[in-house]
Amino acid sequence: MFRVLGPLEITVGERPAQPPGPRQRELLALLLLRANQVVSIGTIVRLAWGERPPPTARRQAQNCVGRLRRLMTDVGLSPRTIVTTPGGYLLKVADDQLDMLAFLALADEGRALAGAGHVWKASRRYRSALALWRGPAFQGIELGPLAGEVERLDERRLAVLEDCLDLELRLGKHAAVADELSVLVTQHPLRQRMWGQMVLALFRCGREDEALIALERARARFEPGERLLAIEAAILRGEAGVPERPGRLPADLPDFTGREDETAALAALLSREAGAVVSGEAGIGKTALAVHVAHRVNGRYPDGQLYASLRGSGPAEVLSGFLRRLGVPGHAVPDTLEERAELYRNKLAGRRALIVLDDVADAAQARPLLPEAPRCAVLITSRSGLDELTGGSRLPGLGGMSAGSVLPGLGGLADEAFRPEPGGMAEGAFRSGLGDVTAGPPGPGPLPSWIASTGMSGFWARRSRLSAPRAGLSLVRLTPLDSGPAMTLLAKIAGAGRVAAEAAAARDLVRHCGGSPLAVRVAAARLAAEPRLPVSWLAERLSIPPGDHQSGGVAAVGWPVAEVLRLGCAGLPEGAQRLLRLAALVEAPDFAPWVCAALLDADLAEAEELAERLVEAQLLERTSPARYRLHEVVRAFASELAEGQVAGPSGQVSGAVSGPAASGPAASGPAASGPAASGPAASGPAASGPSASGLAASGLAVSGERAEALGRLLDGWLVLADQANGLRFGGGSGPPEGRWTPHGVAVGDPADWFESERPGLVSAVRQAAAEGRTEHCCRLAVALARFLEGAGHLDDLAECLRLALAANPQSEAGHTWAL
C-alpha cells in the first residue's frame, strides 16, 4: 500500500518501508502523483536538478529508478510495479493500492450518490474518503514545479469535506457538525462556506447567540459573500432552522416499474382536477403508484400538495395538520371536525392543490378531507374500494383493472348524506365534501373519450337536479403485477445479467411472489446482496407450498409475502434482524436514526449502518435523508418475528430464518459470514428447518428484549423532549440518572423539533399508557403539554393529559406531576 495523503509511506502487511534518500523519495512521490501515467526522463531530471542539470543527470535518474525497484523487491512488491516505457517510466497501481486513488474514487462515488438523492450513503462515502488523510498530501516532499497539483489535491479534500458537512446538516447532525466546524474555521479562516455551515449548525442547535457572534467573527476576516449574507438574513428572519421534513409528497421510487396504463389514466384524471381511489390488497403497490402519479402531475398544482397517511390518524388530526400547512396558526385551528372541514375548504377555495390521502380505512375517514374547490384534485389509497365514494365505478380498458363504467358515484351516497339517522352527514357537509360540478366538466377542453363513452357526460346533463355541488371518485383496483413488469423490477434491483442468465428460474421466482411488488423487491434485494446465490435456489424455496402453517406469520401478511420476507431476512446480520423485529415497537409514522440506536442500545453510527442494511434489503423505507418508515406489511411480519411465530416452509413455527449454509451455493457470499446465516444442508438446496441462530432462537427472551427496548425508546423521547423544553423555556435539571440517552443527537430549534416529532411523541404517550409505564406516560405528557398548548394542538393535549391522569400517578409514592 502506497500512502501519500500525509507523509509518504510504503507498507506491505505490517512492514513499513521508506526510500533511503531524499532524491528517491522525490522520484517515488512523482511517480505516485502521476500514477498509471508515463513520467518522462525529462520531467524527472527537471524535478531533481531544475533547469541546469549535470551531464550525468539521465544516468543518475535511471540509477535512482533501479534502486526504487530493489526497494520494491525488499518489501515484497514486484519490481515490475515500475514499468520502463519508450517515453520514461510508469508506476502501475490499483485504486486500493494507493490512498490518493482510493480517495478520488470514494469522493466520486459520494458525489454520484448525493446526486441520486442517497444522502446518508453519500455522507458515508465522503467520510470514508476523508478518513484516508493523515495530513497534507505528500507532506515533507518537495515537488517543485508540481506543487500546484498537490495543492489541488488538498483543495479537493476541503471541497469533499464541505460537501460532506452539507449532507450531514441535511441529516440533522447539527451538534456534531458545529463542534467539528469550530475547529475547522480556525484552521481555514478564509473559507466562507465553512463559516456559513458553522453558523447554520449553531443556529439549528438552538445556539442563536453563538451563531450571531460567529457571523461577526467572519466579518472581521473578510467581506461576506452572497451565500453568507443569505444565511444571516434567514437567521434574522427566523427561517434558518431545521428544514421542514420532506413530506408534502413522499419520495418517488427511483425504480418504479410497471403500471403504465394505470399511471397514464390516473395522471390524465388528476390533470383535470378530478379524483380517484386506488385500492388493492396489502403490499400490492397502492402507495407507490399514488406517489408516482402525484409526482408526475404535481407541476400542475402550483398551490401545493397535501399528503397524509391516515393509518392510526383520524380526519380531525389530519385536518389540523393540513390547516397549519395552509397558513392557519395553531391557536386558530377550530375545535370540532365540522368547523375544521369548513375552514379547510375555505382555505382551498381558489387554489389549485393536490391532496393525497394514503391508507384510508373507510369513506367516513375520507369525507371531511375531500376538497370542494373545483381546481383541486384528490387521490386516495385504500384496501377497500370505498364504494360509498366511488359508487363502485372503475376506469375501463386498463391492464390490471376490472372493466366497468365510470359512474358519478352518487347513487346511494346522496341518500346516506341526507338521512336524519345518526352517522348521516349534514347537507352542508355533503355539499362541501363532494366538490363543484355545477360549472361543468373540470379543466379546459372536452372530456376524455374513455370518460365520455361510459356515460360520465350524462352526469353533467343531469347536474341541474343536484341540490349541492358534488363529484364522484373513480376507482382503480390494483391486481397483482404482471409477469413482464415483475421481471423488469427484479432485473432493476438484482441485475439484468443475473436475471437473463437464469431466465426460467427468474420467471418462477416472480410467479411464486404472487405479483406482489413488495415480495419481488425483497427477493431481488436478497439476490443483490449475495451475488453468488442462484436465482433457482430462491425460486425453489418459494415453491414449497405453505401446507398447514397458515398461522404463525402467514396470517398477518399472507403467503407468499411472508415467506419472501423470511428469506429476505436470512441474508442479514443478526443485528439487522434484531433491529427489524424491534422496529415493530415504533408506533410513529416515521422515525429518526436515534430511534434505531435506542432499540438496539447501540451508538448512532452502528444503528444507522444496520438500518441501511434493512433499507438495502427493502425491509425498511427511507422517507427522507434523516427519516425511516416501516411498511405496514413488514411491520406485521416483524411483530410476529418478535413473538417467535413465523413458520418455516415445512410448517415449523419458529423465529428462525434461513439461507444458504456454508456448504450451500452461496457459501462465499455475504450471508455466509453473517452470524445469523443458516439454511440448506449439504443434502440439497431446498432443505429447510428452523435455525439455531435465527431471530427468536438468538438466546434472547423476546418479551424481555421487547420490554428493555421499549424502555430505552421512551427514555430517548423523554430526554430529547426535556432538552427541547430547556432550550425553549430555560431551566430544567436534565433527565434522572440511569435514563437511556441518545448521544450525539441535538433537537436543533425546539419549536421545529416538537412540531416535526409530535406524532412520535404523542404515540409514545399512548404506548407508555398501554404498556402500564406510568412514569414515562406522565413525564412525557408534561414535557409535551406546553408545546401542544402553545402550538394549538389541543386535541393532542387533551389526549395526553387524559392518558396521564388515567395512569393515576398520585398513587405512587414520591411521584408528583402538575397535570
* **Derivation and outcome, side-chain contact (heavy atoms from CB on, under 4.5 Å), residues Val564 and Val520** => CA-CA 8 Å; Val564 176; Val520 174; over 6 Å; no
* Are any non-hydrogen side-chain atoms of Tyr126 and Leu167 less than 4.5 angstrom apart? -> yes
* Start with the C-alpha distance between Glu109 and Arg124, add both sets of side-chain angles, then the distance that settles salt bridge (Lys or Arg N to Asp or Glu O under 4.0 Å), and finish with yes or no. => CA-CA 10 Å; Glu109 286 181 30; Arg124 299 294 290 177; over 6 Å; no
* **Asp508 vs Ser543 side-chain heavy atoms within contact, under 4.5 Å** => no
* Is a side-chain N or O of Arg157 found less than 3.5 angstrom from the main chain of Trp133, in a donor-acceptor match? -> no
* Distance-only, no hydrogens or angles: does the Ser123 side chain make a donor-acceptor pair with backbone N or O of Trp120 under 3.5 Å? -> yes
* **salt_bridge(Glu9, Arg134) N-O dist < 4.0 Å** => yes
* Is any side-chain heavy atom of Glu262 closer than 4.5 Å to a side-chain heavy atom of Leu478? -> yes
* Asked: CZ of Phe103 to CG of Asp108: how many Å apart, nearest 0.5 Å?
  -> 9.0 Å
* Should the pair Glu609-Arg613 be classified as a salt bridge under the 4.0 Å nitrogen-to-oxygen rule? -> no
* Asked: If you take all heavy atoms of Asn36 and Lys92, which pair is closest and at what distance?
  -> OD1-CA, 3.4 Å
* Judged by atom type as modelled, is there a donor-acceptor pair below 3.5 Å linking the side chain of Arg526 to the main-chain atoms of Leu567? -> yes
* Structure fact -> Rounding to 0.5 Å, atoms CG (Leu580) and CG (Leu630) come to a distance of 6.5 Å
* To do: Provide the closest heavy-atom pair for Val177 versus Glu168 in the form atom of the first, atom of the second, distance.
  => CG2-CB, 3.8 Å
* Asked: Any side-chain donor-acceptor pair under 3.5 Å between Tyr628 and Glu612?
  -> yes
* Minimum heavy-atom distance Ala122-Ala114, with the two atoms named -> CB-N, 3.5 Å
* To do: Quick one: pull up CZ in Phe138 and CZ in Arg3 and give me the separation to the nearest 0.5 Å.
  => 13.5 Å
* **Charged N-O contact under 4.0 Å between Arg127 and Glu180** => yes
* Structure fact -> Closest non-hydrogen atoms of Leu610 and Ala576, given as atom of the first, atom of the second and distance, are CD2-N, 3.7 Å
* To do: Would you name the heavy atoms of Leu106 and Leu132 that are closest together and state the gap between them?
  => CD1-CD1, 4.2 Å
* Does Glu155 pair with Arg152 as a salt bridge, N-O distance under 4.0 Å? -> no
* Is the closest side-chain heavy-atom distance between Val4 and Leu33 below 4.5 Å? -> no
* Would you say Val586 and Leu599 make side-chain contact, with heavy atoms under 4.5 Å? -> yes
* Asked: Going from CZ on Arg156 to CG on Asp163, what distance comes out if it is rounded to the nearest 0.5 angstrom?
  -> 8.5 Å
* To do: State, with a plain yes or no, whether a side-chain heavy atom of Leu600 is found less than 4.5 Å away from one of Glu606.
  => no
* Under the side-chain contact (heavy atoms from CB on, under 4.5 Å) criterion, do Leu527 and Leu490 qualify, and how do the steps go? -> CA-CA 9 Å; Leu527 292 172; Leu490 185 72; 4.3 Å; yes
* Ionic contact status for Asp482 with Arg511, cut-off 4.0 Å -> no
* **Heavy-atom donor-acceptor pair, Asp358 side chain to Tyr307 backbone, under 3.5 Å** => no
* Output yes when a side-chain donor or acceptor of Asp99 lies under 3.5 Å from a complementary backbone atom of Leu5, and no otherwise. => yes
* Asked: Between Asp359 and Arg311, is the closest basic N to carboxylate O distance under 4.0 Å?
  -> yes
* To do: Could you tell me whether the side chain of Glu502 and the main chain of Val535 form a donor-acceptor pair under 3.5 Å?
  => yes
* Asked: Between Gln577 and Cys569, is there a donor-acceptor pair closer than 3.5 Å when you use the side chain of the first and the backbone of the second?
  -> yes
* Start with the C-alpha distance between Leu518 and Val522, add both sets of side-chain angles, then the distance that settles side-chain contact (heavy atoms from CB on, under 4.5 Å), and finish with yes or no. => CA-CA 6 Å; Leu518 175 62; Val522 173; 4.2 Å; yes
* Look at Glu705 together with Arg581 and state whether they make a salt bridge at an N to O cut-off of under 4.0 Å. => yes
* Asked: Do the side chains of Leu604 and Pro593 get nearer than 4.5 Å, heavy atoms only?
  -> yes
* Salt-bridge contact Lys121-Glu616 (side-chain N to carboxylate O under 4.0 Å) -> yes
* Counting only heavy atoms not in Arg69, do more than 12 fall under 6.0 Å of its CZ? -> yes
* To do: Using a 4.5 Å cut-off on heavy atoms from C-beta on, say whether the side chain of Arg629 contacts that of Phe591.
  => no
* Just do the side-chain contact (heavy atoms from CB on, under 4.5 Å) check on Leu572 and Leu619 with the steps written out, would you? => CA-CA 11 Å; Leu572 296 172; Leu619 295 170; 3.7 Å; yes
* Using modelled atom types only, decide if a donor and an acceptor are shared between the side chain of Lys286 and the backbone of Gly280 within a distance under 3.5 Å. => yes
* Structure fact -> Closest heavy-atom pair, Met487 versus Val499, reported as atoms and distance to 0.1 Å, is CE-CG1, 3.9 Å
* Measure the CD-SG distance between Glu563 and Cys513 for me, rounded to the nearest 0.5 Å. => 10.5 Å
* Asked: Hey, is the main chain of Leu289 close enough, under 3.5 Å, to the side chain of Arg259 for a donor-acceptor pair?
  -> no
